[in-house]
There are 2 protein chains.
Amino acid sequence: MTGSGRTIRLRDVAEAAGVSQGTASNVFNRPEVVREEVRERVREAARALGYAGPSPKGRLLRAGKTNAIGVAAAEPLEYFFADPWARRLMTEVARACDARGAGLALVSVAAGQPGWSIESALVDGFLLRCGGRELLVEIAQRRGLPFVALSLDHAEPDVPAVDIDDFGGARLAARHLLGLGHRRLAILGIGLGAAPDRVQPDRVRATRYMNVRERARGYWAALAEAGLPEAEVPILAIRDDGSNVGAALALLFDEPEPPTGLLAMSDKVAMAALGWLAERGLAVPGQVSVMGFDGVPEGARTEPPLSTVEQPFRRIAERAVAAILDGPMPQGREVLPLTLLVRGSTGSAPNGTGA
Amino acid sequence: MTGSGRTIRLRDVAEAAGVSQGTASNVFNRPEVVREEVRERVREAARALGYAGPSPKGRLLRAGKTNAIGVAAAEPLEYFFADPWARRLMTEVARACDARGAGLALVSVAAGQPGWSIESALVDGFLLRCGGRELLVEIAQRRGLPFVALSLDHAEPDVPAVDIDDFGGARLAARHLLGLGHRRLAILGIGLGAAPDRVQPDRVRATRYMNVRERARGYWAALAEAGLPEAEVPILAIRDDGSNVGAALALLFDEPEPPTGLLAMSDKVAMAALGWLAERGLAVPGQVSVMGFDGVPEGARTEPPLSTVEQPFRRIAERAVAAILDGPMPQGREVLPLTLLVRGSTGSAPNGTGA
DNA sequence: GCCATCGTTTGGATCGATTCAAAATGGCTC
DNA sequence: GAGCCATTTTGAATCGATCCAAACGATGGC
């Protein structure tokens, strides 16, 4: 065994082979410039000393590139694997990194300062998953590495961001339901508080989450096209995890004329609604149609499969990863369109339910 | 704007503040040893120059620790997010890293050499997800960083590994079905080739995948306890992704006396079997009981929910992460037990089906 | 007034490589 | 054999920090 004390450095190999450090370096990085005989001698020495090649540490310092990109979120690290939306996006981010031979590092801001953070992660740039948390942007700016914000609330021209057209996506969703003849609709809103309340449009307009505001605007725009005033379409405050969807829906379905179409601001909430409707014995889409938002893979496996508007996960990931790795950076906030995904949870409005 | 050409180094700050570099370093790392007046002067200078703190690059070289652990697999990077088993394990790995303030980096060996690989990743150690691929171990050994192998085939004393008790888990699964009175069983084996064949026990004993061999041994052991010779229990070769499960099961269920209990070597295969049985109109667990293996979260959401033996994902992750970060390393292959998870897909054997 | 002590600060070595201008080498021509 | 050019090799600077032994200045005890 060679297991002596110190680790072997390039310099040791060079000495053992009787060449300069520069030449030894070339043997590993640009072998073609080194004469064959010397090259072999150095390789031999390396083998004899158990030297596996230049250490990434030293190389990093000199070359500056780590060849990895970091993805940061305010949530704990598990979030990247456990949350359906994050998972879906990360799958595409991973694919994009793979295609470019880049590595992928995960960073959580929740964890606290020690060890590993946006300030300390060894990466070439960041993707910031900031839902309402502009904090991440601030930290990343301080770090000084290139970054792209992913679900940014304030569109500022000097913050590069790749995002989705929430307004257009929501309008697409609402138009789909309206096109099927639905006139009694309800919106399942997120980010509007924890109580299963019915909330007023003004409250929605005042929320700090831009995507929530925009999605609502999109729904309303489609409703207006169909001649429906926004006041006629109740908005419920659902928790992000959908845990209070039952209590909220009960508010509507205990009334004499319950909605025939539900516009959920996320697939998660839509899926929770599907569960409650099944429990309650309401047929989907026979009695009630349910429309999601996001396009997470889980939606394909519900009963019935969830109709939704799908985020362009692949394009988002590719654009963001490309920006970090090769530029050019987005100038301000770039938005990408969503696509309508009609599956089984939406159908024609039941007869005799017109407005 | 300060945006001049060069980036600001600690040395620049020290100079600007009129102190030595050592003192400046202390201001950021051990502020308590620096006199307050000096400390403030340095901080002031840093602020004025737009210096955000010591760069991780330089620090790494000197201190040696990156505070991140790498997880490597032979599959492309997406695998970590897309595959149910990997996802489940990674959730726990992420949790364990979070708890210790460590970062998480993903490495794929498939990607190819350039850029980011086991050889070049900036991490403190590796978790190796090597299903049959001992190649990863070899590469990691060459790299010289601590590592723990996660589903290792050959138990060698000098390769630290954390693994599961495949034999015990399989025996648990089979005992469960036997305890419910099932006597006509079949094994849905993986890693036995791509054809939907019925294979002989000797072929199973000869496969290169240790976990497959061990699971089979576990099933057989339980069968022996119940007085059933292994020859009476057919073994089918199912593809890992379960895509040929229908063709394989048809072989059995077209016979006069089809099995009443299915022992699948993975949840993925079990879930595929569930799908086929539903299509074929066979009641689960009324006519056929299905037993999985792994305990992936998806199994909880099938119809009916899948009974299975669950891997101790959390313990595996915690043990492996702890080993890398704080030692001590496992001596050879440590195995952890699985637990029986009875859900809805298993029930008493139908009447009159005794052996 | 001398010396030991304590709290701060300094300077330089070190971590492990890459890079590049300059020097050495070798082959060829005239 | 001098001169020239192309190919290799060298040596030192550089990347950005941390660490540590030594120096320094102020204080207090005897």
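Just so it is clear, the model here is predicted, and its values are computed rather than measured. Every chain is numbered from 1 and lettered A, B, ... according to where its sequence line falls, protein lines coming before strand lines.
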Inset, instruction - Identify whether the distance between the nearest side-chain nitrogen and carboxylate oxygen of B:Asp98 and B:Arg95 falls below 4.0 Å. - result: no
Inset, instruction - Please work out whether the ring planes of A:Phe81 and B:Phe81 are parallel, tilted or perpendicular, with thresholds of 30° and 60°. - result: parallel
Inset, instruction - Flag the pair A:Arg41 and A:Glu44 as a salt bridge only when some basic side-chain nitrogen lies within less than 4.0 angstrom of an acidic carboxylate oxygen. - result: no
Inset, instruction - Check every strand shown and say whether B:Tyr51 touches a base, only sugar-phosphate, or nothing at a heavy-atom separation below 4.0 Å. - result: sugar-phosphate
Legend entry - Check ion pair A:Glu40-A:Arg43 (N to O, under 4.0 angstrom): yes
Inset, instruction - Identify, between B:Gly58 and A:Gly18, the residue whose nearest nucleotide on DNA chain D lies closer to the 5' end. - result: A:Gly18
Inset, instruction - May I ask you to list the residues of residues 38-46 of chain B, by number, that have any heavy atom positioned under 4.0 Å from an atom of DNA chain D? - result: none
Inset, instruction - In plain terms, say whether B:Glu92 and B:Arg88 are close enough for a salt bridge, that is, a side-chain N and a carboxylate O under 4.0 Å apart. - result: yes
Inset, instruction - Using only side-chain N and O atoms of B:Asn29, determine if any of them is under 4.0 Å from OP1 or OP2 of D:dT18. - result: yes
Inset, instruction - List the atom of A:Phe126, the atom of A:Ile118, and the distance in Å for their closest heavy-atom pair. - result: CZ-O, 3.4 Å
Inset, instruction - Could you state the atom-to-atom distance from CG of A:Leu10 to P of D:dT14 in whole Å? - result: 20 Å
Legend entry - B:Leu128: which of B:Leu136, B:Val148, B:Leu135 passes side chain to side chain contact (heavy atoms under 4.5 Å, CB included): B:Leu136
Inset, instruction - Please check the phosphate of D:dG16 (OP1 and OP2 only) for any side-chain N or O of B:Thr7 closer than 4.0 Å. - result: yes
Output a table of nitrogen or oxygen pairs between the protein and nucleotides 11-14 of chain C separated by less than 3.5 Å.
| residue | atom | partner | partner atom | Å |
| --- | --- | --- | --- | --- |
| C:dT14 | O2 | B:Arg62 | NH1 | 3.2 |

Shorter than 3.5 Å, N or O on both sides, protein versus nucleotides 21-23 of chain D: list them out with atom names.
none

Inset, instruction - In plain terms, say whether A:Arg315 and A:Glu318 are close enough for a salt bridge, that is, a side-chain N and a carboxylate O under 4.0 Å apart. - result: no
Inset, instruction - Would you please confirm or rule out a distance under 4.0 Å between OP1 or OP2 of C:dT9 and any side-chain N or O of B:Arg35? - result: yes
Legend entry - B:Arg9, nearest nucleotide to its side chain (from C:dA17, D:dC15, D:dT8): D:dC15
Inset, instruction - Over all heavy atoms of both residues, which pair between B:Ile316 and B:Ile164 is shortest? Give the atoms and the distance, please. - result: CD1-CG2, 3.7 Å
Legend entry - Closest listed nucleotide, where the reference is the side chain of A:Arg59 and the choices are C:dG16, D:dT18, C:dT18: C:dT18
Inset, instruction - State whether the side chain of B:Arg129 and the backbone N or O of B:Ala73 hold a donor-acceptor pair below 3.5 Å, judged by distance alone. - result: no
